[in-house]
Number of protein chains: 2
Amino acid sequence: MDQTTTAPLRRDIAEQVTARVLDGRLPAEARINEVRLAAELKVSRTPLREALVELTDRGLLVAEPRRGFRVPPLNLDEARKLYPLVGELEALALRWSSPQDLLGLVEPLERQIDAMRAALDDGRGLADLDDRWHALLLSACGNAHLMRIIAQTKPLLKRYDVLYFGGPDRARRSIDEHRDILAAVRDGDLNQAARRLVQNWVNGAAYLGQDRRPSGR
Amino acid sequence: MDQTTTAPLRRDIAEQVTARVLDGRLPAEARINEVRLAAELKVSRTPLREALVELTDRGLLVAEPRRGFRVPPLNLDEARKLYPLVGELEALALRWSSPQDLLGLVEPLERQIDAMRAALDDGRGLADLDDRWHALLLSACGNAHLMRIIAQTKPLLKRYDVLYFGGPDRARRSIDEHRDILAAVRDGDLNQAARRLVQNWVNGAAYLGQDRRPSGR
DNA sequence: GCGCTATATTCTGAATACAGAAACCATATT
DNA sequence: AATATGGTTTCTGTATTCAGAATATAGCGC
C-alpha cells in the first residue's frame with residue numbers, strides 16, 4: 001500500500017505560517033524575521049524561505065526587494081473584491097461538477113447543514129463546518145486547476161473572515177442560504193445553485209463594512 | 001523610472017524556466033536536474049529551487065517527494081479543461097472592468113486587430129499579438145488577485161497552445177471573434193462581450209484534438 | 001547467460017556560511 | 001536641542017556544504 005511518503009518540509013512550514021497569518025500571530029504589516037521564525041518553527045532558513053516564496057506567490061505575503069517578506073496590510077477594498085472572487089470561482093466549480101456525483105452529495109450536505117444548525121453559537125466550529133460544507137459541495141468538480149486556485153485563494157479571504165464573526169444572526173442566514181443552494185442542486189438546476197452560491201459569498205462580504213461586534217452572548 | 005530596485009533572482013529564473021518549458025527545451029515528462037540547470041542558468045541552486053517551488057505551486061511543474069521536480073506530462077484532457085478555465089477567468093475580469101476605462105481601450109484594441117490581420121502568416125508573432133490584445137482588454141480590471149491568477153494560469157495553457165498553431169484559417173476566425181468581442185464592448189454590453197470571450201477560448205480548445213498522438217503503445 | 005544482492009554514484013532536501021544592503025545608534029555639529 | 005553623519009549591527013539574498021535517499025553498476029550465485 002501507500003508507504004509514508006515524506007512530505008517536503010516546506011509543505012508543513014507553509015501551513016504553519018499560513019496559520020500564523022490567519023490567527024494574527026503574524027499580524028498585518030509585520031515584517032518577517034527569517035532567522036527568528038525559523039528558530040520558532042525549529043527548521044532552517046532554506047525550507048522556510050521556500051514556503052515564504054510559495055505563500056508570496058499566492059498573495060498571502062508580499063516580498064519587498066531587499067527587505068524581505070511582509071504580511072500585507074488588511075485592506076477592506078481588497079476584501080470586498082475577494083469575496084465575490086471566491087464566490088465566482090466556486091460557482092464555476094459547481095457548474096462544472098458532475099450532476100450525478102452531486103446528487104450523491106445531497107444527503108451528506110443535508111446532514112452537515114443540520115450539524116451547523118446545532119453549532120449556531122460556536123463561531124469557530126461553525127466556520128470550520130462552513131469550510132467543510134463548501135469543500136464537500138465542490139468535491140464533484142473534476143477541474144484540478146480550478147480547485148487548486150480555489151484552495152490557494154481562500155486563505156486570503158480567511159484573513160478577513162476571522163474579523164467579523166457574523167454572530168448567530170449571520171450564521172442563521174448563511175445556513176438558510178446553504179439550504180437554498182442545496183435545494184437547487186437537488187433539483188438539478190446547477191445554474192441556479194451557482195447563482196445562489198455567489199450570493200452567499202457576496203452576502204458574506206456585506207458583513208465586512210460594519211463594525212466588528214464582539215460575540216458577547 | 002526606478003531601475004535600481006534589483007528584482008529577486010528567482011523572478012528571472014522562474015521566467016527562464018517557464019520559457020524552457022514552453023518552448024520544449026524542458027520537454028514534458030522530463031525530470032529537472034537542479035545542478036545542471038543551475039549551471040546552465042549561471043546561478044546557484046538556492047534561487048533556482050525557489051523558482052521551481054513557485055512554478056510548482058502554479059502547476060507548471062510537479063514535485064515528487066524525494067525525486068525532485070518534473071515537467072508534467074501533456075494531457076489533452078487537462079488542456080480541454082484549461083481553455084474554458086482561462087476563458088471564464090478572463091470573462092470575469094472583463095465583467096468586473098470599469099466600463100468607462102473600457103471605452104477608452106476600444107481604439108487601441110481596434111488598431112491591434114488591424115495589426116493581427118497584417119500578420120496572418122506569422123504564427124509566433126500572431127500569438128504574441130493575441131496575448132497583448134487580451135492583456136490590453138483586461139487592463140481595466142481592478143481586481144488584482146484575479147489578474148494575478150490569470151497571469152499565473154495562462155502559461156499552463158501556453159504549453160498546449162504552441163502545439164496546434166491553428167494556421168491562417170484559425171487565425172482569421174479568431175480575429176473575427178476578437179472583432180465581435182470588441183463590438184460588444186463598444187456597445188457597452190459587457191455580458192455579451194464576456195460570453196464571446198469565453199467562446200473565443202473554447203473555440204481555441206477545439207483545435208487541440210487534431211493531430212496529437214496519445215501515448216498508448 | 002540470467003537474476004539477485006551489495007556497493008558506488010548521483011541527486012535531492014536541508015543546513016550552514018558568506019557578502020552586501022538596510023536599519024539602527026550614538027556622537028558631534030550647528 | 002535638533003539634525004546630520006559615521007560606524008556598527010542586523011538581516012536578507014545567494015552560495016556552498018552536508019546527509020541521506022534513490023538510482024545505477026558491478027559482482028556473485030545459480
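All chains are named by letter (A, B, ...) in the order of the sequence lines, taking the proteins before the strands, and each is independently numbered beginning at 1.
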Exercise. What's the CG-P distance between B:Leu48 and C:dC11, to the nearest Å?
Worked result: 14 Å

Problem set entry | 5' priority, DNA chain C, between B:Arg67 and A:Arg67 [closest heavy atom] | B:Arg67

Exercise. Near A:Glu107 CD, under 6.0 Å, is it more than 12 heavy atoms from other residues, nucleotides or ligands?
Worked result: no

Exercise. Under a 4.0 Å N-O cut-off, is there an ion pair linking A:Glu34 with A:Arg49?
Worked result: yes

Exercise. What is the distance, rounded to the nearest whole Å, between atom CD of A:Glu50 and atom C1' of C:dA15?
Worked result: 12 Å

Problem set entry | SB check B:Glu177 B:Arg196 (cutoff 4.0 Å) | no

For this session: If the plane angle is over 60° it's perpendicular, under 30° parallel, otherwise tilted; pick one for A:Trp201 and A:His134.
Result: tilted

Problem set entry | Of B:Pro8 and B:Arg66, the one whose closest DNA chain D nucleotide lies more 5' | B:Pro8

Exercise. Among residues 25-42 of chain B, which contact DNA chain C at a heavy-atom distance under 4.0 Å?
Worked result: B:Ile32, B:Asn33, B:Glu34

Exercise. Separation of A:Leu9 atom CG from C:dA15 atom P, in whole Å?
Worked result: 6 Å

Exercise. Does the pair B:Arg11/B:Glu15 count as a salt bridge with the N-to-O cut at 4.0 Å?
Worked result: no

Problem set entry | B:Lys154 bridged to B:Asp131 by N-O distance under 4.0 Å | no

For this session: Would you please confirm or rule out a distance under 4.0 Å between OP1 or OP2 of C:dA15 and any side-chain N or O of A:Arg45?
Result: no

For this session: Would you tell me whether B:Asn75 and B:Tyr160 have side-chain atoms, one donor and one acceptor, within less than 3.5 Å of each other?
Result: no

Problem set entry | Residue-phosphate contact under 4.0 Å: B:Arg49 side-chain N/O, C:dG13 OP1/OP2 | yes

Seminar exercise, completed: The first and last nucleotides of DNA chain D lying within contact of chain A, meaning any atom under 4.0 Å from one of its heavy atoms, run from D:dC11 to D:dT14

For this session: Could you tell me whether A:Arg95 and A:Glu88 make a salt bridge, using a distance below 4.0 angstrom between a side-chain N and a carboxylate O?
Result: no

